[in-house]
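Just so you know, these numbers use all the heavy atoms, side chains as well, and skip hydrogens, waters and symmetry mates. Letters A, B, ... are given to chains in the order of the sequence lines, protein chains preceding strands, and every chain is numbered from 1.
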Number of protein chains: 2
Amino acid sequence: MPVETTTEDQRLDALFTALGDSTRRDIIARLSAGEATVKELAEPYAMSMQAVSQHIRILERSGLISRGRHRQTRPCRLEPTVLADAVSWIEESRRTWSERMDRLETRLAALQKGESQ
Amino acid sequence: MPVETTTEDQRLDALFTALGDSTRRDIIARLSAGEATVKELAEPYAMSMQAVSQHIRILERSGLISRGRHRQTRPCRLEPTVLADAVSWIEESRRTWSERMDRLETRLAALQKGESQ
DNA sequence: GGGTTATTCAAGTTGACGCTTGATAAAGCA
DNA sequence: TGCTTTATCAAGCGTCAACTTGAATAACCC
């Protein structure tokens, strides 16, 4: 039986997939103000609580939220360090792009200055 | 005929969905080093060029890349300003969370200092 | 124990993804 | 004009996401 391994790619897949739905982004935004139960989270939406429960499962799978137990509730709380992973990936990509643009600017400046060749 | 409107939610849906696949993230990383054609982008992968073409369509839909025409090729180039939208959303969420943590810290500090009530 | 409350499980529908293969279009080259 | 290259279109297949409704679980309250 293979060891349950999770690659960096799979983690980012789950993370960005979790962010790719407006209901889930809304839930994250609301959790950034503090913990909430499934019932509380489901309250504002037209959909069933079961549907919200499934959204929460996808958020939990991504690591963006974790859950506790309190009486008969399973309160959700944001795990904001995971959001940093998403920003890291994006910034890394943008960094490479910036370096390329810097090189282009340097060459353009050299061309304008020298004008020779 | 309704005007073709795109909400902020829909834009973020398309953006994060586009980022939610490792092949597409890899394509973005490679495009951050410069333009490339579909054939060039498809080269390293085991999948068909048609499959890569569909990944590119999803990236284009999100606004992350744009395309030109040159001879019989349709070169792809990164549109990095769109990546900033993703970071903006995440940072906004984290900002709210930070404020909440600051308030908690303030209250904890006050409790430790005063110790009264 | 019996009834409410909070949540999940299970099954089914609809639609979108991720891929395939085969056909088609359009530009370049002999 | 034909042959090749580049890319898309189109149909089909399997999986998964996003919901639904109904049933089950589990903790609390009388």
Side-chain angles (χ1 to χ4, degrees), chain A residues 6-7 9-31 34-78, chain B residues 6-7 9-31 34-78:
Chain A
T6 308
T7 68
D9 269 352
Q10 290 171 330
R11 287 184 50 237
L12 286 173
D13 282 0
L15 178 49
F16 282 119
T17 298
L19 293 174
D21 180 278
S22 62
T23 300
R24 288 193 292 267
R25 286 194 304 276
D26 192 49
I27 288 175
I28 290 171
R30 289 166 58 207
L31 285 178
E35 290 194 1
T37 66
V38 178
K39 191 199 178 204
E40 289 167 348
L41 289 172
E43 185 66 30
Y45 307 122
M47 73 186 78
S48 69
M49 193 170 62
Q50 290 93 321
V52 174
S53 186
Q54 288 176 76
H55 281 304
I56 289 172
R57 190 167 46 79
I58 290 175
L59 286 168
E60 199 176 9
R61 184 185 66 184
S62 77
L64 276 168
I65 70 171
S66 63
R67 318 188 61 181
R69 287 178 190 273
H70 180 253
R71 304 201 164 192
Q72 64 270 66
T73 69
R74 308 276 320 273
C76 307
R77 66 179 150 279
L78 198 56
Chain B
T6 308
T7 68
D9 270 352
Q10 290 171 330
R11 287 183 49 238
L12 286 173
D13 282 0
L15 178 49
F16 283 118
T17 298
L19 293 175
D21 179 279
S22 63
T23 300
R24 290 194 290 267
R25 286 194 305 277
D26 192 49
I27 288 175
I28 290 171
R30 289 166 60 208
L31 284 178
E35 290 195 0
T37 66
V38 178
K39 191 201 177 201
E40 289 166 348
L41 288 172
E43 185 66 30
Y45 307 122
M47 72 186 79
S48 69
M49 191 170 64
Q50 289 95 320
V52 173
S53 186
Q54 288 177 77
H55 281 304
I56 288 172
R57 189 166 48 78
I58 291 175
L59 287 168
E60 200 176 10
R61 183 185 66 183
S62 78
L64 276 169
I65 69 171
S66 63
R67 319 187 60 181
R69 286 178 190 274
H70 180 252
R71 303 203 167 189
Q72 65 268 66
T73 69
R74 309 274 321 272
C76 307
R77 67 177 148 282
L78 198 55

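- Note that the first and last nucleotides of DNA chain C, 5' to 3', having any atom under 4.0 angstrom from a heavy atom of chain B are C:dC17 to C:dG28.
- A:Val38 is listed as a side-chain neighbour of A:Arg67, based on a closest heavy-atom distance under 4.5 Å.
- Annotation: proximity of residues 51-59 of chain A to DNA chain D (heavy atom, distance under 4.0 Å) is found for A:Ala51, A:Gln54, A:His55, A:Ile58, numbered in ascending order.
- Between B:Thr23 and B:Met47, some side-chain heavy-atom pair lies under the 4.5 Å cut-off.
- Within the 4.0 angstrom heavy-atom criterion, no nucleotide atom of any strand lies near B:Arg69.
- The nearest pair of heavy atoms linking B:Gly20 to A:Thr17 is O-OG1, 3.7 Å.
- Contact annotation for A:Ser48: base contact, defined as any heavy-atom pair under 4.0 Å involving a base atom.
- In this structure the side chain of B:Gln54 never reaches within 4.5 angstrom of the side chain of B:Ile58, judged on heavy atoms.
- In this entry the distance linking CZ of A:Arg25 with C1' of D:dA18 reads 15 Å, nearest Å.
- Among the atoms of the strands shown, only primed sugar atoms or phosphate atoms (P, OP1, OP2) are found under 4.0 Å from some heavy atom of B:Thr37.
- For the pair B:Phe16 CZ and D:dA17 C1', the interatomic distance rounds to 18 Å; values are reported in whole Å.
- Rounded to the nearest 0.5 Å, atoms OG (A:Ser62) and CZ (A:Arg24) are 8.5 Å apart.
- Summarising the geometry, the separation between CG on B:Asp21 and P on D:dA17 is reported as 13 Å, rounded to the nearest angstrom.
- Here the side chains of A:Leu12 and B:Ser22 are not in contact, with every heavy-atom distance at 4.5 Å or above.
- Sequence order on DNA chain C of the closest nucleotides to A:Val38 and B:Arg24 puts A:Val38 first from the 5' end.
- Across A:Glu35 and A:Pro75, no two heavy atoms sit closer than the pair OE1-CB, 3.5 Å.
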Using atom names, set out every protein N or O paired with an N or O of nucleotides 22-30 of chain D below 3.5 Å, distance rounded to 0.1 Å.
unit_1	atom_1	unit_2	atom_2	d
D:dG22	O6	A:Gln50	NE2	2.8

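- Residues B:Arg25 and A:Asp9 are in side-chain contact: their nearest non-hydrogen atoms beyond the backbone lie under 4.5 Å apart.
- Here the CD1 atom belonging to B:Ile65 is positioned 6.0 Å from the CG atom belonging to B:Leu31, to the nearest 0.5 angstrom.
- Residues B:Leu19 and B:Leu64 meet the side-chain proximity criterion, which asks for heavy atoms closer than 4.5 Å.
- The structure places CG of A:Leu41 at 11.0 Å from CD1 of A:Ile28, a figure rounded to the nearest 0.5 Å.
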